[in-house]
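Start at 1 with the first residue, then count along the sequence. This is a predicted model, so every value here is computed, not measured.
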Amino acid sequence: MKKTIRDIEWAGKRALVRCDFNVPLDKEGLITDDTRIRAALPTIEYLVAQGAAVVLMSHLGRPKGEPKEEFSLAPVAVRLTDLLEMPIIFAASDAVVDEDVKDTVSKLKPGEVALLENVRFRKEEEKNDSAFSEELASLGDIFVQEAFGTAHRAHASTAGVADYIPAVSGFLIEKEVKYLGDALSNPERPFVAIMGGAKVGDKIKVIENLLTKVDSLIIGGGMMFTFFKAMGLEIGKSILDEESIDIASNLIALAEEKGVKLLLPVDAVCADKFANDAYIEVFPRDRVPKDMMGLDIGPESIKLFRNEILNAKTVVWNGPMGVFEMPNFAKGTEEVARAISESDAVSIIGGGDSAAAVEQLGFADKMSHISTGGGASLEFLEGIELPGIAVISEK
């Protein structure tokens, strides 16, 4: 069990909190989606209520180790001020940490909150440079890990600081580790995993690991055509991860060996071009025309997957069923999300496109847990210990 912020007596202490404020900005520098900021609020509010002085840090975008105004966290400081209904001190410095910043932080009173500039303004951040880690650590007494989205990166602000001050998890990390950890180590059964997205190669390790844990594995999205190819089927102009055809064959064999029910789509929504206004027709998986491409799972596949999902007690979903950005190829993704929302299962949505789809379709409040980190959740599901989690002290 990892220590959390509940295990610390905060009065008179400074909390150095790594958040994930990597939010989308428009051309005017305005935040277009503050979900990640809101996700950190319970931890920040708890620390403030407990009498800690709070120092927040995060990255935003990819400034590549240089100060760039368009990647400044200044808009985040403004949004935090609104959301927390209290002034947030923005410790603006291109160096992230300098004497002025140290002075500002040293003067923080209990219950006050400061935000550092984008940690990726320093090239040392992504190199996990020990001197920069120590500079950051000097700003706090306890490190609070609250950035699951970057917990799979061993950077100065996500892992290195824990070499110098004790580390605990915030509420968000605690929830991520609980839901993802329980699914892998002690799931309620039947346990169904749903994998979508385009490339088998991106998810080989996840699928291999899940085949040792799950009762059923559902495959959809663009990767289904690599499996079809491995089965000797015609896939027309559908996307193909050519390097992974043999891997798909091996995964089919592994599922059989492990006694896992592997559910592949039985039909596909095909189009004559990659466009929403394309000519569309549904074909069984063994009759995909040579001059068409599959862009979604078909109605019979939806029925098949829905029945499996409704019988599940634990569901993990990562990756859309089709090109859901186009309304004519979104039905598979929408119906899988609907089935999960209607099931009695503990439902875990693995970040990235799946999380975006669930939010867009209005099913978010019906899910047990929506992960805040696409890449991190995938690595967790592979069974890899994430650097940002590994540094948190054990109870």
Side-chain angles (χ1 to χ4, degrees), residues 176-224 226-227 230 241 244 247-248 250-266 297 301-302 304-322 324 332-333 335-355 357-358 363 366-371 373-384:
E176 294 274 10
V177 171
K178 174 181 167 25
Y179 274 100
L180 290 166
D182 284 357
L184 291 180
S185 62
N186 189 30
E188 263 199 88
R189 296 188 180 276
F191 177 13
V192 176
I194 308 162
M195 288 282 129
K199 297 187 78 175
V200 179
D202 294 344
K203 295 182 179 175
I204 303 165
K205 297 293 183 190
V206 182
I207 295 171
E208 283 178 345
N209 192 41
L210 287 173
L211 284 173
T212 68
K213 316 276 184 189
V214 302
D215 300 295
S216 304
L217 176 64
I218 292 171
I219 299 285
M223 71 165 76
M224 68 189 185
T226 304
F227 280 86
D241 184 0
S244 299
I247 291 162
N250 294 339
L251 291 171
I252 292 168
L254 183 62
E256 197 171 337
E257 180 193 317
K258 298 287 182 187
V260 172
K261 189 195 292 187
L262 179 63
L263 292 178
L264 287 158
V266 293
I297 60 171
S301 304
I302 288 170
L304 179 70
F305 293 178
R306 179 180 171 81
N307 287 339
E308 199 68 20
I309 291 163
L310 291 178
N311 287 321
K313 289 296 179 193
T314 302
V315 176
V316 171
W317 178 27
N318 189 294
M321 296 293 99
F324 82 102
T333 300
E335 291 305 321
V336 162
R338 190 186 311 281
I340 297 170
S341 75
E342 291 173 3
S343 78
D344 295 327
V346 172
S347 50
I348 301 152
I349 313 303
D353 287 339
S354 310
V358 166
F363 294 123
K366 303 274 177 56
M367 305 300 172
S368 307
H369 180 62
I370 300 174
S371 180
S377 65
L378 275 177
E379 288 198 17
F380 200 108
L381 291 171
E382 276 182 40
I384 294 171

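By the 4.5 Å heavy-atom criterion applied to side chains, I247 and I207 are not counted as neighbours. Side-chain contact between T212 and K258 is present, with at least one heavy-atom pair separated by less than 4.5 Å. Using a 4.5 Å heavy-atom threshold, the side chains of W317 and I309 count as separate. At a threshold of 4.5 Å between non-hydrogen side-chain atoms, the residues L304 and L263 count as touching. When side chains are defined from C-beta on, M321 counts as touching F305, because their heavy atoms get closer than 4.5 Å. Taking 4.5 Å as the limit, every side-chain heavy atom of L251 sits out of range of all side-chain heavy atoms of L217. Using a 4.5 Å cut-off on side-chain heavy atoms (C-beta onward), V192 and I194 make contact. No side-chain heavy atom of I384 sits less than 4.5 Å from a side-chain heavy atom of K205.
The backbone N or O of F191 sits less than 3.5 Å from a side-chain atom of D215, completing a donor-acceptor pair. Using a distance-only test at 3.5 Å, with no hydrogens or angles considered, a donor-acceptor pair links the side chain of S301 to the main chain of V266. The backbone N or O of G201 lies less than 3.5 Å from a partner atom in the side chain of D241, making a donor-acceptor pair. Distance alone, capped at 3.5 Å, is enough to place a donor-acceptor pair between the K203 side chain and the G196 backbone. Here the side chain of S354 pairs a donor or acceptor atom with the backbone of G319 at under 3.5 angstrom.
Across all their heavy atoms, D353 and F324 have their closest contact at O-CZ, 3.8 Å. When all heavy atoms of A183 and I348 are compared, the pair lying nearest together is CB-CD1, 3.6 Å. For the residue pair N209 and L381, the shortest heavy atom distance occurs at ND2-O, 2.7 Å. When all heavy atoms of M367 and A337 are compared, the closest pair comes out as CE-O, 3.5 Å. In terms of heavy atoms, G181 sits closest to F380 at N-CE2, 3.6 Å. Closest approach of S371 and S377 over heavy atoms only: OG-CB, 3.5 Å.
To the nearest 0.5 Å, the span separating CD on E257 from CG on N250 amounts to 10.5 Å. Going from atom OG of S347 over to atom NZ of K313 covers 12.5 Å, rounded to the nearest 0.5 Å. If you take CD1 on I302 and CD1 on I297, they are separated by 5.0 Å, rounding to the nearest 0.5 Å. Rounding to the nearest 0.5 Å gives a distance of 5.0 Å between CG of N318 and CE of M195. Atom CG of D344 and atom OG1 of T314 lie 11.5 Å apart (nearest 0.5 Å). In this structure, N311 CG and R306 CZ are separated by 11.0 Å, a value rounded to the nearest 0.5 Å.
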If you apply the rule side chain to side chain contact (heavy atoms under 4.5 Å, CB included), what do you find for K178 with H369, and how did you get there? CA-CA 10 Å; K178 174 181 167 25; H369 180 62; over 6 Å; no
Between E342 and K366, does a side chain to side chain contact (heavy atoms under 4.5 Å, CB included) hold up when you go through it step by step? CA-CA 8 Å; E342 291 173 3; K366 303 274 177 56; over 6 Å; no
Chi angles and distances behind the side chain to side chain contact (heavy atoms under 4.5 Å, CB included) call for V358, I370: CA-CA 9 Å; V358 166; I370 300 174; 3.9 Å; yes
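When the shell of 6.0 Å around CD of E256 is examined, it contains 12 or fewer heavy atoms from other residues, nucleotides or ligands.
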